[in-house]
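Just so you know, these numbers come straight off a predicted model, no measurement behind them. Order of listing sets the numbers, starting from 1, for every ligand and every atom in it.
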Amino acid sequence: MVEIPESHPRYESLKTRESLVERVEEGITSKAGLIAHGRGEMFDYLLGERTIDSAKKAEKKAIDVILKAENPVISINGNVAALVPAEIVSLSQRLKAKLEVNLFHRSEERINKIAELLKKDGAKKIYGTGKPDAEIPGLEHERALCSKEGIYSADVVLVPLEDGDRAKALKEMGKTVITIDLNPISRTAKTADISIIDNIVRAVPNMIDLEPLSGKEFDNSENLSQTLDHMCERLKELSKDI
Ligand code: PTJ
């Protein structure tokens, strides 16, 4: 791992990049995961690299919905495992949600490595390993493969850093879909019932501590509009500094 001096103005961001590169070398994160992360960083810039109010509201609502669910499942991919392994295990324990490894670039070897990593961080059971026994309808290829006891029968699914097709297919199965995605105009963000527009490295720790938002109206489209307004305002502010 390249040494990053703590004095570097982008220390945190560079450290995160380095740890992702290391996870790619270990075979946990896909190479495409690095590209996905770069896209996310760009949107994080527009947020101001902080959790904005609309994101905090979505995080609280997500906690409420997951706590009330009968069979909630958190879907884990290579980026989630690299960025917040211990935190996602803590969140699943707080919310009594199952953890299932579900990959876009599926390989048995990577699934097992991710499951081992999460177990080292305290996860008792990981779904999605071994032979898949269910398929998400309407999705081509191996992206559809999942666990009957996990994602297939879940009523609420948290799918961080997801691709739009799978989020849509899960919605079509009648599930409540929650995402964490820095891009407020991604298909996933527009498809989900609750879209948390925040960096997963902030969102998951927040969700371990935040109180649920219950009994209050939550309008995902309105929340996404507020996020886009925030980004536009920030761009206008930035243009004054040039
Ligand atoms: O491990 P695999 O094989 O399942 O692959 C995972 C990736 C992420 C490569 C795969 O799902 C993929 O290609 O995803 P997309 O379609 O690029 O979507 C990822 C979304 O996550 C994009 O909208 C990014 O802006 C967003 N994103 C990237 N980094 C972060 C993020 N959102 C929150 N926090 C981040 N750190």
Side-chain angles (χ1 to χ4, degrees), residues 12-21 23-52 54-55 58-59 62 74-85 87-88 91 99-115 117-118 126 128-129 132 136 139 141-146 151 157-170 177-192 194-207 224 227-228 231:
E12 286 303 331
S13 164
L14 293 180
K15 282 268 289 185
T16 306
R17 281 187 181 185
E18 283 306 314
S19 59
L20 266 175
V21 168
R23 293 301 191 199
V24 171
E25 281 160 7
E26 288 170 14
I28 283 177
T29 306
S30 67
K31 286 184 189 157
L34 296 177
I35 299 168
H37 184 76
R39 178 158 49 174
E41 278 186 338
M42 189 279 286
F43 284 102
D44 208 10
Y45 242 73
L46 299 183
L47 283 177
E49 295 176 299
R50 65 183 181 86
T51 301
I52 65 170
S54 52
E59 285 163 9
I74 302 175
S75 179
I76 308 287
N77 65 20
N79 287 52
V80 178
L83 294 173
V84 283
E87 296 84 349
I88 207 82
L91 184 66
L99 292 167
E100 175 165 341
V101 182
N102 193 257
L103 301 181
F104 187 87
H105 312 91
R106 188 184 168 89
S107 95
E108 200 74 10
E109 194 188 345
R110 203 150 68 83
I111 291 173
N112 290 335
K113 282 186 180 173
I114 293 172
L117 179 72
L118 299 178
I126 305 288
T129 59
I136 302 167
L139 271 185
H141 307 302
E142 296 192 307
R143 286 183 304 153
L145 300 176
C146 65
I151 287 177
V157 198
L158 172 60
V159 280
L161 282 73
E162 182 60 19
D163 80 287
D165 280 4
R166 193 157 41 194
K168 183 165 167 273
L170 292 170
V177 175
I178 302 171
T179 191
I180 301 170
D181 187 333
L182 278 161
N183 180 359
I185 49 172
S186 71
R187 278 179 310 139
T188 305
K190 290 196 278 185
T191 303
I194 302 175
S195 307
I196 297 166
I197 310 302
D198 200 2
N199 196 320
I200 194 167
V201 302
R202 295 188 298 270
V204 173
N206 285 348
M207 289 169 76
L224 287 175
T227 308
L228 280 168
M231 288 179 170

With nothing but distance in play, are any N or O atoms of D181 less than 3.5 Å from an N or O of ligand 1? yes
Do you see a protein non-hydrogen atom under 4.0 Å from atom 3 (O) of ligand 1? yes
Regarding ligand 1, does F104 bring an N or O atom to under 3.5 Å of one of the ligand's N or O atoms? yes
Output yes when a protein non-hydrogen atom is found under 4.0 Å of atom 30 (C) of ligand 1, and no otherwise. yes
Please determine if F43 has a nitrogen or oxygen closer than 3.5 Å to a nitrogen or oxygen of ligand 1. no
Does ligand 1 have an atom under 4.0 Å from some heavy atom of T16? no
Contact check, E162 vs ligand 1, heavy-atom distance below 4.0 Å: yes
Kindly confirm or rule out an N or O of R110 lying under 3.5 angstrom from an N or O of ligand 1. yes
Salt bridge check: are R23 and E26 linked by an N-O gap of less than 4.0 Å? yes
Starting at CD1 of I74, measure out to CG of L91 and round the result to the nearest 0.5 Å. 4.5 Å
G78 N/O under 3.5 Å from ligand 1 N/O: yes
For atom 15 (P) of ligand 1, which protein heavy atom lies nearest, and how many Å away is it? R39 NH2, 3.6 Å
Close N or O approach (G33, ligand 1; < 3.5 Å): no
Are any of the N/O atoms in H105 less than 3.5 Å from those in ligand 1? yes
